[in-house]
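Here the structure is a predicted model, which is why all the values come from computation and not from measurement. Numbers restart at 1 for each chain; the letters A, B, ... are given by sequence-line order, proteins then strands.
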Protein chains: 2
Amino acid sequence: MASKKKTTIKDIANVLGITPSAVSKALSNHPRISDKTKTAVLQIAQNLNYQPNHLASALRKGKSNLVGVIIPKANSHFFSSIIEKIEDVLNEKGYNVIIAQSNESYKKECKSIDALLYTQVDGIIASMANETVKLDYYEKIKSKGIPLILFDRGENDLNVDYVGIDDYLSSHMVIEHLVEQGCKRIAHIAGFSHTRIYKNRIRGYRDALEKFGLPIEESLIIESNLGIEDGRRIMRQLLELKNKPDAVYAAGDYAALGALQVLQENHIDAPKDIALVGFTNEPFTSLVTPSITSVEQHSEQIGKVAAETLLKRLGSPNEKVSLNKLILPAELIIRSSSKKVNI
Amino acid sequence: MASKKKTTIKDIANVLGITPSAVSKALSNHPRISDKTKTAVLQIAQNLNYQPNHLASALRKGKSNLVGVIIPKANSHFFSSIIEKIEDVLNEKGYNVIIAQSNESYKKECKSIDALLYTQVDGIIASMANETVKLDYYEKIKSKGIPLILFDRGENDLNVDYVGIDDYLSSHMVIEHLVEQGCKRIAHIAGFSHTRIYKNRIRGYRDALEKFGLPIEESLIIESNLGIEDGRRIMRQLLELKNKPDAVYAAGDYAALGALQVLQENHIDAPKDIALVGFTNEPFTSLVTPSITSVEQHSEQIGKVAAETLLKRLGSPNEKVSLNKLILPAELIIRSSSKKVNI
DNA sequence: TATTTTTGTTCAAACGTTGAAACAAATATA
DNA sequence: TATATTTGTTTCAACGTTTGAACAAAAATA
């Protein structure tokens with residue numbers, strides 16, 4: 001079968017009686033190659049079904065045209081649509097994208113980083129695992145001079161480009177909305193405060209309460225991993241308080257969903273008895289009954305901007321471009337779970 | 001900064017006063033290299049922070065250790081957990097995984113295939129886009145002699161290894177369950193019959209009805225893309241029939257969810273009035289109320305077997321191993337939406 | 001016609017690693 | 001002690017492409 005031996009630039013050269021180097025130049029449209037040769041080369045290349053050997057050219061050029069993307073989990077609309085957008089933008093410019101999932105594990109994240117470095121990616125776009133507190137592996141990327149862009153889950157200490165939303169302001173939007181609905185005791189199912197975005201959401205929550213003259217009660221702020229089970233557990237915990245909240249703001253949609261389930265199991269009406277707001281605007285928030293109010297982060301936009309920022313870095317390497325901290329606007333999507341009927 | 005020039009095998013050789021080739025052999029634990037040199041090399045490699053250049057070794061060895069995975073959309077538990085498992089198995093053996101999403105588009109799928117081939121992947125694991133009917137690009141993979149494994153969405157005509165579940169039997173399980181619940185008029189929200197898996201689900205549905213002595217009515221079988229909107233549209237259509245069904249079997253969970261929404265909007269009780277069964281066991285099926293009965297395909301298992309099958313091909317290339325058609329068992333997860341209370 | 005410029009191509013080295021073959025030294029076997 | 005074997009290393013070419021320099025021929029300029 002013809003499948004065994006791949007055709008190389010050399011084969012084309014032989015057919016035409018010219019040198020491989022001429023073929024190479026012809027293929028890359030070098031100005032000094034005659035149009036005659038160029039068309040001839042293209043023709044033969046087609047005939048022989050020539051496919052350039054990326055490995056060889058990458059080696060020679062010291063550039064792999066591969067970009068690594070590290071995400072906690074592809075299994076969410078948020079991340080998968082970001083990836084889709086990143087692919088769009090980078091493919092357009094001739095880059096291919098390698099996706100690695102950390103599964104929220106620090107160890108897996110480190111392995112992924114090593115794998116990407118080993119594959120000689122030209123750049124990395126990443127969102128950190130929840131678990132990650134040590135930044136050594138990210139420092140490693142930086143120290144190799146490989147452009148690194150963080151999105152969503154970033155870390156200020158790293159001093160790299162970042163794309164995300166204004167979590168602090170988003171919390172304000174949420175609280176403002178709930179206050180407008182007449183809520184006075186707003187609980188916060190929070191993410192772990194060692195992660196920047198969750199810390200900011202907590203800060204925003206506190207400051208907003210203060211702004212609206214509501215008291216801050218520590219018993220109403222509970223940190224977790226924001227999974228469904230966390231939401232269930234914490235909601236139960238909140239319902240056991242002598243003084244129950246009249247609203248719950250969860251920093252993640254899955255936690256919000258868990259909370260909703262517990263409310264329904266206890267025949268507590270959302271939004272009438274307790275209003276509920278989530279975060280991330282996962283598709284299911286609009287599918288469950290009642291639909292859940294949530295914060296849309298415009299993931300495609302985040303993906304687009306992250307990819308474009310990387311391209312900028314790749315275009316002008318080791319240039320001392322000042323750091324980009326790109327904060328995109330978020331949007332509160334108001335649904336049934338927080339619309340008090342009596343208002 | 002030290003980041004600019006990467007240390008190579010040559011640098012290590014220079015430090016130790018030996019040849020690059022000796023270093024290479026030491027690093028790959030060649031038996032003829034003395035332990036003394038080996039430890040020395042390892043030591044210096046560490047000191048100089050040496051990272052092997054994958055590109056060079058891949059070029060030389062004619063093997064990239066990269067495997068491409070093509071999926072329609074990462075945004076589902078089914079596909080993302082398959083990927084996770086594939087990564088597990090392949091990373092273990094020193095392979096890295098490149099993920100490409102086709103977004104159910106034939107054009108994007110073709111582009112992805114080209115990108116993977118260009119990147120010189122050693123093998124490809126793929127699940128075909130719904131849209132795909134022309135197999136030319138998959139033939140291209142085959143013709144290059146690159147191992148190809150299909151899963152879930154496969155195609156018999158391609159003559160390649162396949163991993164999936166027994167769709168025909170799964171339909172039988174569903175119908176049997178519904179019949180046990182006393183259902184007599186079972187509608188089928190089907191996938192497009194040009195796709196093998198959906199064709200088989202339809203065949204299973206028909207044959208099972210026949211087996212249980214139930215009439216087959218063409219008006220109760222409607223093909224679609226199985227999105228939420230499709231489910232809604234088709235459910236409305238079914239409710240307009242003079243003779244309504246008493247059960248609906250959807251070949252996809254999203255379609256089932258859409259159907260459920262329409263039932264609730266029309267105050268039709270599931271399962272009492274109309275029982276409902278979905279397919280794929282997406283996480284949300286257990287989260288909505290009522291929870292939706294669905295078919296679990298054991299995605300991790302599919303991922304594991306697909307990866308292992310590829311490894312087998314990579315291990316013994318161009319060997320005439322007979323084709324593997326691996327059909328794994330599926331499982332019906334019975335939930336509220338199909339449990340008739342009066343039985 | 002002599003000289004410069006332009007055009008189209010070839011030459012040769014490089015990218016970093018690998019592995020077969022060659023080789024010398026050390027060790028074992030006769 | 002002479003010869004065979006083993007051990008540890010070096011030599012060298014190769015993987016396929018790219019690129020700057022060199023070169024000859026053709027075209028333009030003087």
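In terms of heavy-atom proximity, A:Ser105 sits nearest to A:Ala129 at N-CB, 3.9 Å.
Each of B:Ala56 and B:Ser28 was assigned the nucleotide of DNA chain C with the nearest heavy atom; the assignment lying further toward the 5' end belongs to B:Ala56.
Counting to the nearest Å, the P atom of C:dG16 and the CD1 atom of B:Ile9 are 11 Å from each other. A:Lys6 places its NZ atom 12 Å from the C1' atom of D:dC15, with the value rounded to the nearest Å. The distance from atom NZ of B:Lys61 to atom P of C:dA20 is 12 Å, rounded to the nearest whole Å. If you take CG of A:Leu59 and P of D:dG16, they are 12 Å apart, rounded to a whole angstrom. With rounding to whole Å, B:Asp11 atom CG is found 13 Å from C:dT17 atom C1'.
In B:Lys38, the NZ atom is crowded: over 12 heavy atoms of neighbouring residues, nucleotides or ligands sit closer than 6.0 Å. Atom NZ of B:Lys93 has 12 or fewer heavy atoms from other residues, nucleotides or ligands within 6.0 Å. Other residues, nucleotides and ligands contribute over 12 non-hydrogen atoms within 6.0 Å of the NZ atom of A:Lys140. A 6.0 Å sphere centred on NZ of A:Lys325 holds more than 12 heavy atoms belonging to other residues, nucleotides or ligands.
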Identify the pairs formed between an N or O of the protein and an N or O of nucleotides 24-26 of chain C at a distance under 3.5 Å, and give each distance.
none

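Here salt bridge (charged side-chain N to carboxylate O under 4.0 Å, His left out) pairs that include residues 70-89 of chain B, with residues two or more places apart or in two chains, are A:Lys73-B:Glu84, A:Glu84-B:Lys73, A:Lys108-B:Glu87. Applying the ring-ring contact (aromatic ring centres under 6.0 Å, His included) rule to pairs touching residues 107-165 of chain A yields A:Tyr118-B:His54, sequence neighbours excluded.
Contacts of B:Ser24 with the nucleic acid, taken as non-hydrogen atoms under 4.0 Å apart, include base atoms.
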The contact string for nucleotides 6-13 of chain C, one letter per nucleotide 5' to 3', using protein heavy atoms under 4.0 Å with B, S and - for base, sugar-phosphate only and none, comes out as -BBBBBBB
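DNA chain C lies under 4.0 Å from at least one heavy atom of each of the following residues of residues 43-52 of chain B: B:Tyr50, B:Pro52.
Listed by chain and number, the residues in a ring-ring contact (aromatic ring centres under 6.0 Å, His included) with A:His194 are A:Phe192 (sequence neighbours excluded).
Using a 4.0 Å cut-off between a side-chain N of Lys or Arg and a carboxylate O of Asp or Glu, B:Glu109 and B:Lys134 do not qualify as a salt bridge.
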